[in-house]
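Notes follow once the structure below has been shown.
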Amino acid sequence: MKLAARVAKIKPSETLAITAKANALKAEGRDVIGFGAGEPDFDTPVNIKAAAIKAIEDGFTKYTPVGGTDELKEAIMAKLKRDNGFEYKRTQIVVSCGAKHTLYNLAQALLDPGDEVIIPSPYWVSYPDIVVLACGQPVIVNTLEKDGFKMKPEHLQAAITGRTRAVVINSPANPTGAAYSPAELKALANVLLDKDILVISDDIYEKMLYADFPFANIATVEPKMKDRTIVVNGVSKAYAMTGWRIGYAAGPEEIIAAINKIQSQNTSNPASISQKAAVEALNGDQKIVTTMVGEFRKRRDIIVQLLNEIKGVKCLSPEGAFYVFPNVSGVYGLSYKGKKITDSTQLIDYLLDEANVATVPGAAFGSDDHIRLSYATSLKNIEEGVKRIKNAIAKLD
Ligand code: PMP
Ligand code: GLU
């Protein structure tokens with residue numbers, strides 16, 4: 001059957017594909033340990049669930065305004081003020097079906113064919129394809145492990161052309177966990193200040209920061225950037241609400257109105273019940289976030305230590321998010337039963353087949369020397385899973 005050419009230009013989301021594969025193997029009875037899914041293993045907090053149940057019981061089950069209820073927009077505005085010091089009007093907020101949907105709508109709203117979006121690599125799998133689906137051109141800027149996987153101002157400067165429309169900054173980052181300090185963000189802002197370029201600030205891992213500096217984005221450190229920054233965030237990660245599908249954008253009115261218009265012709269409003277739950281997440285007790293983040297930090301320390309004990313594996317200690325991105329190139333060239341492992345895809349296939357451990361190949365994030373493990377899983381799974389990886393790698397010669 002003939003399909004639109006755009007379908008062939010993108011790949012399915014590898015993070016989701018691997019998670020689905022691991023779950024299918026588990027359903028068949030295989031004892032697979034999953035480091036694939038980038039989602040908290042914690043349950044959605046009870047106060048949030050109760051708000052959703054109440055929404056159903058109250059009959060809050062009809063269409064809402066396309067871009068979200070005023071109540072939720074107010075909760076988002078209060079959050080942005082409280083956590084980030086930003087003042088926004090209601091007309092500067094739009095709620096979508098997850099931050100991925102927000103980013104998709106944003107690309108649709110901003111890009112004409114050939115418009116360029118600068119994406120630092122390693123990048124979250126969906127950024128380039130979301131740009132491609134909007135007929136834009138992803139411009140990948142490689143960052144180096146020795147720089148903590150952070151884009152340097154000179155690298156940003158070198159990537160800018162007359163077609164550059166936007167830059168994506170995701171801090172803390174998926175998949176590396178890299179987090180930009182306020183000073184590093186200021187240096188990037190200095191490159192952009194005299195240029196007509198937007199910043200898409202994906203702050204979804206804002207709460208998962210273990211560094212010794214506070215969370216900041218480019219508009220907090222350089223207020224002159226606020227009118228050119230679109231803050232993207234959501235409740236999936238901070239409140240263990242991945243399935244509820246609520247994300248949002250805050251930014252210039254014209255862009256928000258454009259997203260609203262686009263959304264009115266695709267999903268309409270995000271689920272009314274999820275919106276009520278998100279209001280409770282943002283306005284309710286925030287202790288749960290601190291508890292979860294404390295757990296992630298413990299797990300990070302352990303997984304980094306265990307991975308670094310494996311011959312051929314080198315793992316930086318990430319400053320945020322809940323991923324590690326070990327360099328596994330020391331294993332490339334070794335063989336199992338005569339079959340050589342030469343890249344991240346072959347390695348993750350081997351680890352799944354031999355060790356029953358699901359990981360994501362670095363190639364999906366633009367770096368074939370690495371693999372990604374999500375440590376949003378129990379300490380028991382981390383210890384057992386990394387032991388299995390160690391044993392499987394020890395079998396290679
Ligand atoms: N941005 C990044 C960097 C992510 O890792 C994710 C993970 N899903 C998202 C955005 C989207 O999150 P969601 O659609 O669940 O809000
Ligand atoms: N963002 C998460 C991840 O990278 C969830 C899956 C997805 O949306 O890509 O694993």
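Residue numbers start at 1 and run along the sequence shown. In each ligand, atom 1 is the first atom listed, and ligand 1 is the first ligand listed.
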Other residues, nucleotides, ligands: >12 heavy atoms within 6.0 Å of [X] [atom1]:
X: Lys21; atom1: NZ; answer: no
X: Lys195; atom1: NZ; answer: yes
X: Arg6; atom1: CZ; answer: no
X: Asp196; atom1: CG; answer: no
X: Lys340; atom1: NZ; answer: no
X: Gln265; atom1: CD; answer: no

Assess the side chains of Tyr180 and Lys150: does a donor N or O sit below 3.5 Å from an acceptor N or O?
->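 No - no donor-acceptor pair under 3.5 Å links their side chains.
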Asp368 versus Tyr332, side-chain donor and acceptor atoms under 3.5 Å |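 Tyr332 vs Asp368: no donor-acceptor pair found between side chains.
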Applying a heavy-atom cut-off of 4.0 Å, say which part of [X] lies close to ligand 2: side chain, backbone, both or neither.
X: Val360; answer: neither
X: Tyr323; answer: side chain
X: Leu16; answer: side chain

Proximal ligand 2 atoms for [X], defined as those under 4.0 Å from one of its heavy atoms:
X: Gly38; answer: 2 (C), 3 (C), 5 (C), 10 (O)
X: Asn174; answer: 1 (N), 3 (C), 4 (O)
X: Ser13; answer: 9 (O)

How far is [atom] from its nearest protein heavy atom, and which residue and atom is that?
atom: atom 9 (O) of ligand 2; answer: Thr15 OG1, 2.6 Å
atom: atom 8 (O) of ligand 2; answer: Lys100 NZ, 3.1 Å
atom: atom 2 (C) of ligand 2; answer: Lys237 NZ, 3.4 Å

Extract all N/O-N/O pairs under 3.5 Å that connect ligand 1 to the protein, and present each with both atom names and the distance rounded to 0.1 Å.
residue, atom, partner, partner atom, Å
ligand 1, 1 (N), Asp202, OD2, 2.6
ligand 1, 5 (O), Asn174, ND2, 2.7
ligand 1, 5 (O), Tyr205, OH, 2.6
ligand 1, 8 (N), Lys237, NZ, 3.1
ligand 1, 14 (O), Ala99, N, 3.2
ligand 1, 14 (O), Lys100, N, 3.0
ligand 1, 14 (O), Arg245, NH2, 2.8
ligand 1, 15 (O), Ser236, OG, 2.7
ligand 1, 15 (O), Arg245, NH1, 2.8
ligand 1, 16 (O), Ala99, N, 2.7
ligand 1, 16 (O), Ser236, OG, 3.2

Parallel, tilted or perpendicular for Phe325 and Phe149, by the 30°/60° rule?
->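 The arrangement is perpendicular - the two ring planes meet at more than 60°.
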Contact check, side chains of Arg228 and Val199, non-hydrogen atoms, under 4.5 Å =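 No. Closest side-chain heavy atoms not under 4.5 Å.
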Closest candidate by heavy atom, reference atom 10 (O) of ligand 2, pool Glu39, Arg372, Glu14 =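 Result: the heavy atom closest to atom 10 (O) of ligand 2 is in Arg372.
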Any Ser126 heavy atom less than 4.0 Å from ligand 2 =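 Ser126 does not count as a contact of ligand 2 under the 4.0 Å cut-off.
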Assess whether ring-ring contact (aromatic ring centres under 6.0 Å, His included) is satisfied between Tyr205 and Tyr323, documenting all intermediate values.
-> CA-CA 11 Å; Tyr205 296 103; Tyr323 307 103; 5.6 Å; yes
